[in-house]
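Contents: one structure, followed by commentary.
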Amino acid sequence: MFRKATEYRSAAVGFFTVKLILYIVCVAAVVSFLFRVFEAPWVAFRDGETAFAHGDFAAAAQFYQKAAEKLDDPRILDRLVHCWWKTGDIKDEETVLNRILERHSERLDTIELLAGAFQQAKEPEKAIPLVTGYLARGGKLDSFGKLQLARVYRQAGQYDQAAPYYLEAAENPKQKTAARMELAEMRSWQGDYPEAIALLREVLAAEPANRQARLSLARILSWAGNYKESEEEYRKLLRKL
């Protein structure tokens, strides 16, 4: 009788142990599943924040991209776009890109960052529809946005489309010098030396000490065959060394 009771207790303990193990395994599986679904993306985001703070934008982009696959927090998408812009290594991740555009299609700063990322990656043809699509939806460009679009068109070799945006950007005092100098350079590539020279003289009239503008003017004058004037500009540069 005592032996049977012992056997019964042993069997009960064994059964209880098996149930406990199964329970622990199930709990562990559930916790693991919940962690992957809810916590892991935030862990990736925090790892991205750490890498971002240390200036490791390539690593940060990988973490942010993992987080963006599960989360729709705008902070993650903003950070990811910023990393792409910094590294110039924007990946052709259609899901993430579409999510960014879906959530931020009306935000000019995000459009500018994405366009800048494609510029850095030397893919300006992908940046153009981002900005033109924004404009088609009724968006307005600030002076920096106009200058950036001009640069995108120039980088893509679409010079005639770039010129009007350079001129519009030049209407803002903050962008005037850069816009005129870049437009002058672009016109010189096209062989339109008179316009290039006129633009650079305008810059120098306002900023006589602008060495880069004077150097560009000297070069373009020589390309146009105006060697005496070119020499004079080079001499002015030498006198200010």
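Remember, predicted model here, so these are calculated numbers, not experimental data. Scope of the values below: all heavy atoms of this structure, side chains included, with no hydrogens, waters or symmetry mates.
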ILVMFWY network linking Trp223 to Leu204, side-chain heavy atoms under 4.5 angstrom: yes
Test applied, side-chain contact (heavy atoms from CB on, under 4.5 Å); reference residue, Leu141; option that passes from Leu135, Ile111, Leu147: Leu135
Any donor-acceptor pair under 3.5 Å from Arg214 side chain to Ala209 backbone: no
For Ala150 against Ala162, the heavy-atom pair lying closest together: O-CB, 3.4 Å
Ion pair Glu202/Lys176, N-O distance below 4.0 Å: no
Derivation of the side chain to side chain contact (heavy atoms under 4.5 Å, CB included) call for Phe118 and Glu125: CA-CA 8 Å; Phe118 279 122; Glu125 65 283 349; over 6 Å; no
Single-linkage hydrophobic cluster Tyr166~Phe144, side-chain heavy atoms < 4.5 angstrom: no
Side chain proximity check, Phe57 to Phe52, heavy atoms < 4.5 angstrom: yes
Shortest non-hydrogen contact from Ala60 toward Cys83: CB-SG, 3.8 Å
Shortest non-hydrogen contact between Ala196 and Ser188, atoms and distance: CB-N, 4.0 Å
Under the side chain to side chain donor-acceptor pair (under 3.5 Å) test, residues paired with Gln158 that sit two or more places apart: none
Common cluster, Tyr165/Leu108, ILVMFWY with side-chain heavy-atom separation under 4.5 Å: yes
Salt-bridge contact Glu231-Arg235 (side-chain N to carboxylate O under 4.0 Å): yes
Residues which pass side chain to side chain donor-acceptor pair (under 3.5 Å) with Gln148, listed by chain and number, not counting sequence neighbours: Gln119
Check: Phe63 ring centroid to Phe45 ring centroid under 6.0 Å: no
Partner set under side chain to side chain donor-acceptor pair (under 3.5 Å) for Gln190, not counting sequence neighbours: Arg187
Any Val152 side-chain heavy atom under 4.5 Å of Val131 side chain: no
Shortest non-hydrogen contact between Ala218 and Ser230, atoms and distance: O-OG, 2.7 Å
Closest non-hydrogen atom pair, Met181 against Ala213: CE-N, 3.6 Å
N/O donor-acceptor pair under 3.5 Å between Tyr134 side chain and Lys140 backbone: yes
Check: Thr50 and Arg46 side chains under 4.5 Å, non-hydrogen atoms: no
Side chain to side chain contact (heavy atoms under 4.5 Å, CB included) between Glu233 and Leu200, worked out: CA-CA 12 Å; Glu233 296 300 332; Leu200 291 169; over 6 Å; no
Candidates Arg154, Arg219, Arg180 - the one meeting side-chain hydrogen bond (donor to acceptor under 3.5 Å, both in side chains) with Glu185: Arg154
Spacing of Lys146 atom NZ and Leu167 atom CG [to the nearest 0.5 Å]: 11.0 Å
Validation row: Tyr234, Leu215 side chains within 4.5 angstrom (heavy atoms): yes
hydrophobic_cluster_shared for Ile220 and Met186, side chain cutoff 4.5 Å: no
Closest heavy-atom pair and its distance - Pro41, Ala67: O-CB, 3.4 Å
